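Just so you know, these numbers come straight off a predicted model, no measurement behind them.
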Amino acid sequence: MTIYFPTGIAYFFILLFCYASISKIFDFENFQVQIGQSPLLSAYAGFVSYAVIIIELLIVLALIFTNTKRLGLYASLGIMVAFTVYIFLILNYSEFIPCSCGGILEKMGWIEHLIFNIVCILLAMVAIIILEKEKERRLAHYISLMISVIIVNIGIVTYLFFSSEQIIKKENNFTRRFLMHPTLEKKQLQLSDSYYYFAGYDDKNIYLGNRKFPQTLLTLDTALAGKRVTNISLDNIKHPFRNIKLQVKAPYYYIYDGTVPVIFRGRLGNPKSKTISFNEAYFNQLIVLDSLRFAIRTQSSKTKQFVLADLNLNSAGEKLTLYSDILQKQIDGVFDIDGNFITDGFRSQLIYTYTYRNQFIVMDKDLKVQNQMNTIDTVRIAKIESKRLADGIHKMSAPPLKVNLRSAVHKNLLFNQSDLMGKHESKKTWQEASIVDVYKTDENEYIGSMYLFKKDSHGVSDFIVTDKYLYVIIDNKIIQHQFTKPITKYFISGEAENRSKE
């Protein structure tokens, strides 16, 4: 009876690999996307997705013919060992456990999958031993051959795992890794209109400004349960305002228009605000550092290029200090260095994320550059065309390629909404969601990505990050997402921050 066992096992593997490979071929795009999201093989998704199918079909051909059945059984042993090591690494060393890659085992859990693979390995080994005994080959010969096959396949999968980790986190080839349930949607709150944006937050509240009604400050508690509206009055309304914005840094709110230029300040809870700066500097972005000190992005009167600057209203001497060497010109010094200027209040860090290239700059509160890092896309040079008119104004002469849309930072993590699709990503999902990539700001490392799904066909218009929550504005709704361990484990603690300063 045992003489038929190798043939029976060969038929079993023929059925298994035929079904597995054909199901992958018919749903190849989904299979490639799933491999791309694997925490172990992301960097090699293109190669692995083709290689697995080809190897499975070659094994089937080898098992069909008598002369190559022995080779097919050794190959079956090898690939099942590789699959088993992959699952073992997923369960024990992966930062998250992805969904199954489909096929015949799609309905199995990872533990059941592991047990099934181990049984297949044992069946292949028994079939090989019986077949080799029939051929009267030496025991030491085929045992050493099986051990070699097992060791080689363990080595291949282990190498792919560690090298993929290095490529994805340090040398990314624009293959995203999507975190497993990084947030849980908790609450929604209907807003009066779709013109709101985030103006700041503190331990108890989040604050929203409104582009349509720029002197309106909406205060919500962090649970989105209570709200208060403050209609701000200015001590001087005769300025030719064009772009009034709000920003909150407790215990004050600031209302400003850099095109005038003017900055007003008021205490939270009090609708009356007073002018604290007028004609010190024109600016198009502002960050509140303390009650009378600001980091701004302005335009150099000499070069007409955007530069970062320190506006210190406490200074007895020159209040404005330009840092013209931080933003690096590539084309025109205006559009090519456009970007998003934000702050991590917890660490007193400033972050500048370029809009049209894959780079962000990390600075301390004195605008001293600490790191210059790259996002995972591959656009190193801004793809824009602009012309400078006779009056000195720069205008786009062709639609630009946007790389980074908006960002937020908290406790050494940068959350960056990207506008580019990575490798092996679903086009359908891109139409249904925005993608936020997460990076460390204290070292050049990509953590992973997450989806923010649209609501009623509307996408994300703004978001902020706090200790526990990601708040998102979509159309006229504010949505609260609670962070889970895949994100919170990377937040730097107060104790760790103190140690890093020491």
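- In this structure, the separation between CG on Leu63 and CZ on Phe12 is 11.5 Å, given to the nearest 0.5 Å.
- Of all non-hydrogen atoms in Gly200 and Ile464, the two that sit nearest each other are O-CD1, 4.4 Å.
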Step by step, work out the side-chain contact (heavy atoms from CB on, under 4.5 Å) result for Val85 and Asn153.
CA-CA 8 Å; Val85 173; Asn153 281 275; over 6 Å; no
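- Inter-residue side-chain proximity for Ser449 and Val436 is flagged as unmet; no heavy-atom pair is nearer than 4.5 Å.
- Counting only heavy atoms from C-beta outward, the side chains of Leu208 and Leu220 approach each other to under 4.5 Å.
- There is a side-chain donor-acceptor pair under 3.5 Å between Tyr471 and Gln480.
- Remark: Ile287 CD1 to Thr343 OG1 distance equals 5.5 Å, nearest 0.5 Å.
- In this structure, the side chains of Gln359 and Met373 stay at 4.5 Å or more apart for every pair of heavy atoms.
- Between the side chains of Asn476 and Asp193, no donor N or O sits under 3.5 Å from an acceptor N or O.
- Note that CG of Leu470 is 11.5 Å distant from CG of Leu184, once rounded to the nearest 0.5 Å.
- Shortest non-hydrogen contact noted between Leu179 and Ile447 is CD2-O, 3.8 Å.
- Classified by interplanar angle (parallel below 30°, tilted 30° to 60°, perpendicular above 60°), the ring pair Tyr446/Tyr439 is tilted.
- Annotation: side chain of Tyr352 is in contact with side chain of Met363 (closest heavy-atom distance under 4.5 Å).
- Taking the six-membered ring for Trp and the full ring otherwise, Tyr207 and Tyr197 have centroids separated by 6.0 Å or more.
- Side-chain contact between Phe28 and Lys24: absent, with no pair of heavy atoms (C-beta onward) separated by less than 4.5 Å.
- In plain terms, the two heavy atoms of Tyr490 and Asn412 that are nearest each other are O-OD1, 3.1 Å.
- Within the 4.5 Å cutoff, no side-chain heavy atoms of Tyr196 are placed close to those of Ser461.
- The one candidate from Val472, Asp419, Leu405, Val460 that meets the side chain to side chain contact (heavy atoms under 4.5 Å, CB included) condition with Ser434 is Val460.
- Counted by atom type alone, Lys477 and Ser194 present zero donor-acceptor pairs between their side chains at under 3.5 Å.
- Atom NZ of Lys454 sits in a crowded spot, with more than 12 heavy atoms from other residues, nucleotides or ligands closer than 6.0 Å.
- With no hydrogens or angles considered, a side-chain donor-acceptor pair links Thr441 and Gln349 at under 3.5 Å.
- Scanning all heavy atoms of the two residues, the minimum distance from Ala62 to Gly72 falls at CB-CA, 3.8 Å.
- Proximity of Tyr469 to His481: side-chain heavy atoms (C-beta onward) are nowhere separated by under 4.5 Å.
- Remark: the Arg176 side chain and the Ser418 side chain contain an N/O donor-acceptor pair separated by less than 3.5 Å.
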Under the side-chain contact (heavy atoms from CB on, under 4.5 Å) rule, what do Tyr451 and Trp430 come out as? Steps first, then yes or no, please.
CA-CA 9 Å; Tyr451 289 115; Trp430 256 90; 5.5 Å; no
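- Interatomic distance, Asp338 CG to Lys402 NZ, rounded to the nearest 0.5 Å: 8.0 Å.
- With respect to the salt-bridge test (charged N to carboxylate O, under 4.0 angstrom), the residues Glu132 and Arg70 qualify.
- For the 3.5 Å distance criterion, the side chains of His410 and Tyr201 qualify, holding a donor opposite an acceptor.
- When all heavy atoms are compared, the tightest approach of Val157 to Leu89 is CG1-CD1, 4.1 Å.
- Distance check: Ile487 CD1 to Met450 CE gives 5.0 Å after rounding to the nearest 0.5 Å.
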Any chance you could lay out the salt bridge (charged side-chain N to carboxylate O under 4.0 Å, His left out) test for Asp467 and Lys411, step after step, and finish with the verdict?
CA-CA 8 Å; Asp467 279 352; Lys411 286 189 173 180; 3.1 Å; yes
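- Figure legend: Arg297 and Phe306 shown as a cation-pi pair, the cationic atom lying under 6.0 angstrom from the six-membered ring centre and within 45 degrees of its axis.
- Atom OH of Tyr11 has 12 or fewer neighbouring heavy atoms from other residues, nucleotides or ligands inside a 6.0 Å radius.
- Atom CG of Asp203 has 12 or fewer neighbouring heavy atoms from other residues, nucleotides or ligands inside a 6.0 Å radius.
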Lys204 vs Thr222, test: side-chain contact (heavy atoms from CB on, under 4.5 Å). Steps then yes/no.
CA-CA 6 Å; Lys204 297 181 179 179; Thr222 53; 5.6 Å; no
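- Side chains of Thr355 and Asn404: no donor on one and acceptor on the other come within 3.5 Å.
- Aromatic ring centres of Phe360 and Tyr354: separated by at least 6.0 Å.
- The NZ atom of Lys227 lies 11.5 Å from the OG1 atom of Thr219; values are rounded to the nearest 0.5 Å.
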Check step by step if salt bridge (charged side-chain N to carboxylate O under 4.0 Å, His left out) holds for Glu185 and Lys455.
CA-CA 13 Å; Glu185 186 174 321; Lys455 303 287 185 182; 3.1 Å; yes
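- Leu401 is not listed as a side-chain neighbour of Tyr356, based on a closest heavy-atom distance of 4.5 Å or more.
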Hey, mind stepping through Gln482 and Thr183 against side-chain contact (heavy atoms from CB on, under 4.5 Å) and telling me if it holds?
CA-CA 5 Å; Gln482 184 172 352; Thr183 64; over 6 Å; no
